[in-house]
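Below: one structure, written as C-alpha cells.
Only this structure's heavy atoms are used, side chains among them; waters, hydrogens and symmetry mates stay out. Remember, it's 1-based here, ligands and their atoms both numbered in the order they're listed.
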Amino acid sequence: MEMRNVCHSVFLLLAALTSFTGAVEVKYAQLGETATIRPPGDGGLSKCYVYWQLKGKDPHTNPLAWRNPLGGMGVSSDDQWKGRLSLSGDSLIIKDVQETDFQTIVFERTCGFETSLTEHKLLKLTVSVNPSSPLLPGDTLSLSCSAETLQGHKGPEIHWLNPSGETIEKGPQPLTLKVTSQDSGQWICVCEKENTSKVSVTVLDLSPAPLHPQYTSKSWPLTVPCSLSANIAWQQIKEKDVQEVHWHFVPESGLSQRLFSLSLEDPPTWKADQNSELRPVPDPKKGNLSLTRSRGSEEDQGDYVCTMRFKNGVSLNRTVHVEVLQITSSLGTEFISGQQLNLTCSIGHPTPSDLQLKWVPPEQSSLSSLAPDRHLGHFTIPQVGTGDGGKWRCELWRSDTLLTSAEITLKIESRLSSWMLVVICSVTVIVILLLILSFILYRRRQQRRTHLGRRFCKCKTPKPKGFYRT
Ligand SMILES: *[C@@H]1O[C@H](CO)[C@@H](O)[C@H](O)[C@H]1NC(C)=O
Ligand SMILES: *[C@@H]1O[C@H](CO)[C@@H](O)[C@H](O)[C@H]1NC(C)=O
C-alpha cells in the first residue's frame, strides 16, 4: 500500500507537470438538485485508475470516488457525502447538492504510465420564483436565475425558456413579466446551455372560450362551456379569495340577465337567478362550470358570459355565443297540396361562409333524390305534393363536422280529398235544403187542399140549418 501510494505520488507529480493545464471546468448546480460532473473523454477508458477528490487532498486517501481497471469501485462514506455520491462511467454524480459541496474537485485518471488531472469547480446556481403561490392573469411574476462567477471569469450565459419552449430573454436577471394563462407551466433556466433548472408557475384562469359559436336547435342538445384551466383545483381558486362566480345571458335583443350564481360555501352550489331551462353541470368543485340543456330553443340565442371575480378586483370571464338553427315553412305545418311552399333554414342571419347547410327531405318525397338548391337556406317547392309531407331536416356543417340539425314535420292534405270534402258537404247541404224545401212545399199543398176541401164541402153538403136550431 505504502509502495503504491509513493508510486502514485510520483506519477501524480510527473503528470501534474505535464498534463495539467490549469484550466478549471465549471459546473453549475442548484441546491437540492443533482449535479453530474463529466471529466474529459469519459467512456471507453475502463482500463484506467480513476480518482475524484477535493482539491488539496491526497487523491488516493479516502477519495470521493474511485475505480480501478479490474472493476473495483467505491465512494466516500464520510458523513458529508454519505449516500449522495455515485459514479456513472467516470462521471461523478452528486445527489441533493449541499451548500458545502461548492468546491473544486480534482479528477485524476491514470492509464498505464500516463496520468491526467482536471479540476472541476462546482458553482451555485440560484433560481427563484416570486411569488411562488398561484397567480392571476395580470399579476407580476419575477423569475430569477443567477450563478456564482469564478474570479476573473465572466458570468455564465443565462436565458429562460417559457412553458411553450420559447427563449424569453438573454438580458439581465431577474425576468419580470405580467402573466397570462399561457405562462402557466414549467419555466426552464438555461445556464451555459447544458445546465438547466426547472421551476413551475401556476396562473389561475378559465379555459379559453370556444373559437366558434355553439349551435343548437329544438331537436339538438346545447352545452355552454366554461371551466377552470386544466390542472387548476377549486381549492386554489378559493385560496385566491374568489368573491363571485356567475353566468349572465345577453339575448340578441334585450338586456343582460343573470342566470346563475355560485354560492361559495363548501361544497359550492349553483343558485338560479332566473327561470332558465339551462342547467349547470353538477359538482362545480371539479372545475366544470358549463351549462347544458337537452334541447335548444329559439330563446337560447345570444351571448353567455361566465365570470369569476376575485377580491383584488381581477375579473376573469369567457363569452360563449349561441346560435339556434330553425326551419320555417311559408304555409305552416298543416296545409293542402298543390301550393307553392317555401322552406327556410337559418340561424337568423346570413350563414357564415365557412358553414354549409344541407337539406334532407323525407324519404318518400320526390325531392329527396333531386333537390336543386339543397345547400341554400331557402327551399322552394312550386307545387307541393302529399308525398312531400313528413320530417324535413336541415343540417349545419363546418367542413366534415355536423354542428346541429333542425327538423320540421309537415302534414299535407291532398287537394283532391279536400275538394271531395267540399263536394260532399255541398251535396249534403243541397240535399238538406231540397228536403226542407220539398217539406215546405208539401205542407203548403196540404194546407191548400184542406182549405179547398172546406169550401167544397160548404157548397156541396151544406150543414142543415136546423141542426143549430134544435
Ligand atoms: C363539462 O361538462 C360538459 C357537460 O357534461 C361536457 O360536455 C364538457 O366536456 C365538460 N368540460 C370539461 C372541461 O370537463
Ligand atoms: C316563396 O319565395 C319566392 C322567392 O323566393 C317568392 O317569390 C314567393 O312569393 C314566396 N312564396 C311564399 C308563399 O312565401
Can we call the ring centroids of [X] and [Y] under 6.0 Å apart?
{"X": "Phe379", "Y": "Trp392", "value": "yes"}
{"X": "Trp52", "Y": "Phe107", "value": "yes"}
{"X": "Trp66", "Y": "Tyr51", "value": "no"}

For atom 14 (O) of ligand 1, decide whether some protein heavy-atom distance is shorter than 4.0 Å.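 Yes, at least one protein heavy atom sits under 4.0 Å from atom 14 (O) of ligand 1.
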[X]: numbered ligand 1 atoms lying under 4.0 Å from its heavy atoms:
{"X": "Asn288", "value": "1 (C), 2 (O), 3 (C), 8 (C), 10 (C), 11 (N), 12 (C), 14 (O)"}
{"X": "Thr292", "value": "4 (C)"}
{"X": "Ser290", "value": "1 (C)"}

Is there a donor-acceptor contact under 3.5 Å linking the side chains of Thr126 and Ser146?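 Judged by distance alone, the side chains do not pair up.
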Are Thr404 and Thr216 linked by a side-chain donor-acceptor pair shorter than 3.5 Å?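 On atom types as modelled, these side chains do not qualify, holding no pair under 3.5 Å.
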Please write down residue, atom name and distance for the protein heavy atom closest to atom 5 (O) of ligand 1.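 So the nearest neighbour among protein heavy atoms is Val281 CG2, 4.1 Å.
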To check your reading of the model: name the closest protein heavy atom to atom 7 (O) of ligand 1, its residue, and the distance in Å. Thr223 CG2, 4.3 Å
